[in-house]
Structures are given as structure tokens and as C-alpha cells.
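Working notes, beginning with the structure itself.
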2 protein chains.
Amino acid sequence: MGRSVTMRTVAEKAGVSTKTVSNVINGTGSFSPETEHRVRAAVEELGYRINPFARGLRSQRTGTIALVLPNVYQPFNAELAEQVIRAPETQGLKVVVETTRGDAERERAVLSTSHKELVDGVIYVPQALTPEEYLPLPLTQPTVVLGERPAQAAGMHLDYVEIADEQGTHAAVSHLLAQGRRRIAALCEQAEPRAGGRRLRGYRRALEDAGVAYDDSLVIGVDNADLWSSGAGAVARLLRTRVRFDALFCYNDVVAIGALSVLTRSGVAVPDDVALAGFDDIDAARFASPPLTTVDPQRATIARRAVSLLRSRMDMEDFRELPGRCESAGFVLRVRRSSSATSGTPGESP
Amino acid sequence: MGRSVTMRTVAEKAGVSTKTVSNVINGTGSFSPETEHRVRAAVEELGYRINPFARGLRSQRTGTIALVLPNVYQPFNAELAEQVIRAPETQGLKVVVETTRGDAERERAVLSTSHKELVDGVIYVPQALTPEEYLPLPLTQPTVVLGERPAQAAGMHLDYVEIADEQGTHAAVSHLLAQGRRRIAALCEQAEPRAGGRRLRGYRRALEDAGVAYDDSLVIGVDNADLWSSGAGAVARLLRTRVRFDALFCYNDVVAIGALSVLTRSGVAVPDDVALAGFDDIDAARFASPPLTTVDPQRATIARRAVSLLRSRMDMEDFRELPGRCESAGFVLRVRRSSSATSGTPGESP
DNA sequence: CCGACCTTTGACAACGATGAACCTCGATGC
DNA sequence: GCATCGAGGTTCATCGTTGTCAAAGGTCGG
């Protein structure tokens, strides 16, 4: 292969010093248009690519951000990752997707020491760690958290992009109530500092606002680790208890599709006997039979806001110079046939 | 924050030289148990973490492999990525997932120059490039390709893990034939050097083996870029043409679920009027209504074989010293209710 | 007791890019 | 006419590790 082509090779070919090459490439310092042209020509001709290790070692910048999620096999996460990678704000950055498998140790490692030198910033979707656990960790790089901003985070130099868990669920359940449903079951992950807890709050508040009594026997927990069968299992249990219900709010679309599968098999008609709503608006939701009513948490917006918050902090001298910020992504209720016999066609929504 | 803790800090604390610290950490050279203990204690106490840039710069090893795919939002890709990350063979390696969006330029870049210094090896799922295009590229690092090994690859130092596209499809279509179906439509991506072409070959061969005539009007192309609506759209077109069909083989499960959605809406009963089979065995397939018969290409096996081939080549002095190898992953036909009224229950298959 | 030989350790020079400091030369201000 | 300035460069040290080589200390056969 011969020696690899370095900045020195380019410099020699262009008849300048390596520093000048560096300047041209990074747009730092000053140089004449003529020099710039010679350097660029040499780069082109030699097929020179900058060595990211050397650069990283020297400048402590990597041009890479990490997206830290529990996994990528759950559609919401996969589609979120896609949005982060595609967001226009991401231009010029590399995104590495890091999965933690919901392992507390891994999450801890990513947030504090381990990544310091590898990435310029982190977008973190907490799963195993509660705010009480992750907030005290010494932050070593700019970080954006996706999820509700806890009160304790006020003083920290951490940015948040809030997902409309509670409001979205409130809207979905209110919609079910508006269809005349009164016995609305909920299949929901119940862990409190997490999305499940927040969605459950939205559920209760919607019932309350409509003056419908909360009934404990209508709420079934699901397990985050295997949502597909969890949804199916939960609905099977619910059917066995013979508790009457005419609607079902599900923690997310995956649970809802699992549930739908069992309902259909059991001869329960959706939406006639039971109206169904999920959360996330994953691609599969539009193509369920019937298409699934769901809350679109606006992944694209989440991704753009997160990257943009992160970038602004990455561009600062010291990323701790700004107090923590917090933005929200909003939501859109996508009403489809699983909750209302007449509206929604597959393939419609943007 | 103070100065960051480097190997020198550790060395001073342990009263040895930096090289000795390096030796202990990497298990190179030799050192007394006593020294080792002192060094490890110092590392522990200072919370020292090796700087990957410095190491990478020096040793040209990164402990990272790249998984290069068109995207991660399609469930097959997401689940494949998960398997690669989780494979026991991956122990001790970091996996970065790189998406190309089916862009030829990006694929080219990853295969030749661009990644050279960042990763020790690449697992590549071709999409935009044909073998004619990617084989001539100068390989700069160990590479494993997922997909059919073309004849031209014989002399190259490239390993392949073959997915049983043709055989799997043959089995699925044969199964449909065994159910007594004779007018079997196919919704398939048709590009020849890719999976679509290979699956279509399996389809034709199965018909042939059963002595059923191939009918061009039963084959409809789908578009890889948006498979969900593509499947739905294709089936809608098929229904409009009024061509009679009693079974449907789909390029993959996503297409199948899109198709199922339209069939159900149009009052076509699955499997009574039309039996349905897909490919990939994504999680969602088990929870479709009815559950989807599909070909499981054994993602876990694919992932393990790929990583293990890659590792062996990474461990060599020069990765070109071994001729190209090729392994196959096999497949399992998962028969569920979409193709046979009596068998298959949701949640059963492993 | 001496040299051969091994084990353990340390000094030093890379790896490739960049920040700090400095040098040169023509233009500008007073 | 002399100090000053900025544009356009350059030189050199340095980021944190690891490969090379040599030295220090110990063992052992003769």
C-alpha cells in the first residue's frame, strides 16, 4: 500500500507547510486564494483524508455525537435514530448510535467518563437511570436528554427536549371519551420516572376532566423488555378477568398492535366492541388492520430540536456557561379507524 | 476540571514508567504480578480511562467495527443491527451503525478511503452499489458483505454471509402451493443484483417445480424506499386489475403488512380468499392479524457469522492474506395463520 | 567468579494534526 | 521617516499512547 498520505504529503506537493494545509482545510488563519487553490488541488489529487485520530487527539473535537438509546429494535427508537441522522441540523456531524439494553451501568458510563474523548456531545434517552441517579453524575460533555425535565434539573447545564407524553395521552383518551367510550382500559408501563408513568398521568387526568371514575382493575402493566408479546399477554389477561371495557389505550403502538392481534383472534371487533389507541405513530400503525389511532410525538421535531440544542452547546467555549434549557416537541393526534369507524384511511397522514 | 488523568498520572502514582502502565493495560510485554497490582490500583483510584484517539493514532486499531446499512427505520435492518450489537462474537468491540440512505456515493466512501482510520472492519449490506461497482474499489479494511456472493468475487479478499433469499422464497411459495393455491401473486422489488431479484428467482423456481405456469400479470414491483405504502399500493393496483389470485408472496413482511391492510379493508379474507406469506420474520409479523407466515432468515446467525468472519480477518497481520470465504445462514419457514387456517399461534415461535 | 541469558523496566521517538508564537513584507498613520 | 498593523506564512512544541531498543537486575552453568 505504500505510506499513507498525510498532511505532510499534501504540503510537499503544494509547496507549503503542513500548518497552511491545516488552515485551508479548517478555514482557520489566513491564506491567499492562490494558495488555497494549490492546496485543494493537492488534496484532491492525492485523495487525502484527514486522520480523525490525530485531529481528535490534538483538538479534542471529533465531529461526532452519540445517540444513546436502550435499543434499536423497537420501532420508535429505530425511527427516532433515523430522524436524528437525517435532521438538517445534523449536517456535518457523524451520529453514532449507542445501545444500552436498559443497563444502568452502561448508561452511567456513557454519561460520565467513558465517552469523553470520543464524541462531542450526547443525546440521551434515559431508561434504566432515574433523574436522581443520572443528575449527580459529573457531566463531561454537552448533553441533551429526551424526556420530561425533572424539577431537580433546574440548576444543571443539561438541555431537555420534552416529549408530550402526558398531554398526548390526555388527548388520545379524551378522544376515546368523545366517542362515547366510558370503560377505557390502559395497558401501560408503570415505572414512575419514565414515559409510562407520565402517560398514565395523562390517562387519569383525561378521565378526571370528563368526570369518569378511575377504575384500578382497568389498568394493566406491560413489560418494556418485550413489548410485542407483553401487549398481547396483557390483553389476554384482561379478557380472562371478564372486566368489561369498551376502549383500550396502549402505552405505545407496539403494545397496541400486540393487543389488536389478540382482540381480533378473540372475536372482539375493533373499533365496534373496543376502540383502540396507541402512542408513537410508528410506520406500522398506519398499516395495522384496522389502522391505529395514535399520538404522533413528532419525532422529526424532537430530533431537530435536540441536535440544535446540542450544537449550540458544543459551539461554546465551556459547555457549562449556559443554564439548562428545555423545549417541547408538541404532538398530533392521528385519528384512524381503530377508534372511529368512519375516519382515517391508510397512507393518508403526512 | 483540572488536568485530565493520563497514563503519565497513573505511572507517577504507581511509581513506574508510562510504558509499563501501557503494558499492564494491554497485556503486552512482561511485568511482575506486584507491578501489575500497583498499576491496576492506581488506574482504579484515579478513574483512568485510556484515550482512544491517542491509542488509535499510535496503533491504528480502534476496537470498533462499522455496520453499513441503507437505513435503520426498516424493521429488518433495525433488528439486524440489534443482533450484530448483541452477538457474543462482538464482545469487546464497539459497533457503529452507519446509514447510507441507499446513496451510492456514501457506500463507496465507506468501503474505500473514508473509514480507514476509524474502524477496524466493516459489515456491509449493499443497496445502491452492484458487485460490478463495489468489487473494483480498493479495499482498505477487512470487510464482510451480507448478501449473495457474485461469481466475480472469487478472487477477492472479501467474506460473504449469504442470506437464503432464493431458497427461503422457494420454501414459502412451495408451502402456498402445498395449500392448494395455484394463482400466486408476487409483490417484489425486482432489481436484479439485489435481494428482490433473488427472491423472484425462488418464486419462479417453486412454480416450475410444481408445474404451475408463470404468469407475468401476477408479478408487481414494489419500491424499496417506502415499503409500507408500496405494499398497500401494489395490492390496490392488483385488485383493480381484477386479475384473479388466491395467494400472495411478498418481498418482505413490511410489504406483506401493507398489503394485508388493504386486503382486509377491501373485504378480502386472509387466508380464506388469499393466503399470504412474507419474508424476514420481523417482530411485527407475529402480531399481524392474522399472524403472518414468513421466512425467518436467521438474523442472529447472520450476525454471528458476519462478526466472526470479520474478527478473524481483523486479527491477521495483513487482512489480504486469506482468500475470500463464504458462509450461509440458512432459513426457517414460519407457518402462521395468514397462510393456513389451522396452524400458528401468536407468540409461539422462538 | 564470570559471562550468557532471561525477565522486568525505562527512555525516547514516533503517530498526524493543530495552537501559540513568531517572522516577513507591504501598506498606513502621524 | 518611523512606528504600527495586518495579511500570509512558517516553525516548533504538543496532544496521549505504544513500538523499539537498551539498561538494570537476577539466575545459572561452568
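Quick note on labels: first sequence line is chain A, next is B, and so on, each numbered from 1. FYI, side chains are in, hydrogens and waters are out, and symmetry mates aren't considered; it's all heavy atoms of this structure.
- In this structure, B:Glu89 does not pair ionically with B:Arg311, as no charged nitrogen and carboxylate oxygen lie closer than 4.0 Å.
- In the helix from C:dC1-D:dG30 to C:dC30-D:dG1, the terminal helix axes, each the rotation mapping four pairs' C1' atoms onto the next four within five end pairs, subtend 50°, rounded to 10°.
- The CZ atom of B:Arg38 sits 14 Å away from the P atom of C:dT8 (whole-angstrom rounding).
- Screening residues 139-163 of chain A for ring pair (Phe, Tyr, Trp, His ring centres under 6.0 Å) gives no qualifying pairs among residues at least two apart or on separate chains.
- Using a 4.0 Å cut-off, some side-chain N or O of A:Thr6 falls inside it from OP1 or OP2 of C:dA17.
- Note on A:Arg55: every side-chain N or O is 4.0 Å or more away from OP1 and OP2 of C:dG16.
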Can you check nucleotides 4-8 of chain D for protein contacts, nitrogen or oxygen pairs under 3.5 Å, and list what you find?
none

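- Looking at heavy-atom distances under 4.0 Å, A:Val16 makes contact with sugar-phosphate atoms alone, never a base.
- With salt bridges taken as basic N to acidic carboxylate O contacts below 4.0 Å, none links B:Glu82 and B:Arg299.
- When the P atom of C:dT8 is taken as reference, atom CD of B:Glu34 falls 12 Å away, rounded to whole Å.
- Looking only at distances, a side-chain donor or acceptor of B:Arg38 sits under 3.5 Å from a matching main-chain atom of B:Ala14.
- Here the C1' atom of nucleotide D:dC15 and the CG atom of B:Leu57 are 9 Å apart, to the nearest Å.
- The two residues B:Val10 and B:Val39 have their closest heavy-atom pair at CG1-O, 4.3 Å.
- To the nearest angstrom, C1' of D:dC12 lies 12 Å from CZ of A:Arg8.
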Completion exercise
With sugar-phosphate taken as primed atoms, P, OP1 and OP2 and all else as base, the protein-contact string of nucleotides 19-28 of chain C at under 4.0 Å (heavy atoms; B, S, -) is BB--------
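- Atom-to-atom, CZ of B:Arg49 to C1' of D:dT17 comes out at 16 Å; the value is rounded to the nearest Å.
- Between the side chain of A:Arg304 and the backbone N or O of A:Gln83, no donor-acceptor pair lies under 3.5 Å.
- Partners of B:Glu107 according to the salt bridge (Lys or Arg N to Asp or Glu O under 4.0 Å) rule, which considers only residues two or more places apart in sequence or in another chain, do not exist here.
- Remark: P of C:dA17 and CG of A:Asn26 are 10 Å apart, rounded to the nearest angstrom.
- In terms of modelled atom types and a separation under 3.5 Å, the side chain of B:Thr100 and the main chain of B:Glu98 share no donor-acceptor contact.
- Within 6.0 Å of CD in A:Glu321 there are more than 12 heavy atoms belonging to other residues, nucleotides or ligands.
- Here B:Arg320 contributes atom CZ and B:Met156 contributes atom CE; the two are 10.0 Å apart, rounded to the nearest 0.5 Å.
- The pair B:Arg325-B:Asp159 meets the salt-bridge criterion, since a charged nitrogen lies less than 4.0 angstrom from a carboxylate oxygen.
- Rounded to whole Å, atom C1' of C:dT18 lies 11 Å from atom CD1 of A:Ile25.
- Sequence neighbours left out, the pairs with a member in residues 124-152 of chain B that pass salt bridge (charged side-chain N to carboxylate O under 4.0 Å, His left out) are B:Glu148-B:Arg201.
- For the pair B:Met7 CE and D:dT17 C1', the computed distance is 6 Å after rounding to whole Å.
- Each of D:dG16, D:dT18, C:dG16 was ranked by its minimum atom distance to the side chain of B:Thr18; first place goes to D:dT18.
- Phosphate contact (OP1/OP2 of C:dT9, side-chain N/O of B:Asn23, threshold under 4.0 Å): absent.
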